[in-house]
Amino acid sequence: MRTVHTIAELRAQVATWRRAGERVAFVPTMGNLHRGHIHLVERARERAPRTVASVFVNPTQFGPNEDYAGYPRTLEDDARQLAAIGLDVLFAPTVAEMYPRPLDEMTQVAVPELSGVLCGASRPIHFRGVATVVSKLFNMVQPDVALFGEKDWQQLIVIRRLVADLDFPIEIVGVPTVREADGLALSSRNGYLTAEERAIAPVLYATLTACAERVRAGERDYERLADEAKARLSAAGFRPDYFEIRRAHDLRLPADGGADLRILAAAWLGRARLIDNLAV
Ligand code: PAF
């Protein structure tokens, strides 16, 4: 595996593969890799002979009071794990390489219809930061296919829309969430949990599962189901941000029936903001 830190090195490497007619799969990450990320890269390797992953803690997707400064940076360990599973190139740029001008002077990419709800309601600049950095990474790597975890369902839908609206010739693949044995979705932010909070954390998945079962059984009062779910989370020690039943493909409120639904939730547990979601 080669680690490159500049856009020029990355482009030169990808160009040699292109000349040889090889397809390229891409997995963007913010590092601090866990089994969920490794699973994504393994799925990427099944889809193309060449794979690129990026590790970049993107400042533009963190709000002013969020955990950008403290977000875990573990590049050496990330590189070791990626090399062990046969990644071709790890792209690990600096902030100056990605954003050479002051951030507020740079071109940004917004996906307005999908970015103001759910996570976007409490993190107003988040998806603009994600859409901007992912667009830049797509232009740098120019992959045939890019893979994203379904744990960030809203992010996946935002990226699908971005690719459709801006005509990126890239196939976007969502990869099912990897979970601990007790159901907790793997996340870098699980590392913020104390032992006591870690024991409570699976209640989020259990609450999603219970709600999905009730929807499958025919319940259609989604507001009541969400209120009951939030009450259960609060009773367990969470501070719920949202718990909502939405149309899976466009995140709109379900107009009729129980088809194409996704249940999405975010809740604080101590200093960790956990997100998860489930198909109905
Ligand atoms: O999901 C993430 O880790 C990030 O939002 C991403 C897609 C790498 C963009 O910074």
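Residue numbers start at 1 and run along the sequence shown. Each ligand, and each atom within it, is numbered from 1 in the order the structure gives.
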With a cut-off of 4.0 Å, which atoms of ligand 1 are near a heavy atom of [X]?
{"X": "Gln155", "result": "1 (O), 2 (C), 4 (C), 5 (O), 7 (C)"}
{"X": "Asp152", "result": "1 (O)"}
{"X": "Gln61", "result": "4 (C), 5 (O), 9 (C), 10 (O)"}
{"X": "Val133", "result": "9 (C), 10 (O)"}

Any side-chain donor near an acceptor of the partner, [X] and [Y], under 3.5 Å:
{"X": "Tyr68", "Y": "Asn58", "value": "no"}
{"X": "Arg43", "Y": "His39", "value": "yes"}
{"X": "Glu97", "Y": "Thr94", "value": "no"}

- Side chain, backbone, both or neither: which part of Thr29 has a heavy atom under 4.0 Å from ligand 1?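 Answer for Thr29: backbone.
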- Just wondering, more than 12 heavy atoms not from Glu223 lying within 6.0 Å of its CD?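 Atom CD in Glu223 is not packed in, count stays at 12 or less.
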- Query: Checking side chain to side chain donor-acceptor pair (under 3.5 Å) against Asp260, which of Arg247, His249, Arg246 comes through?
  - Reply: His249
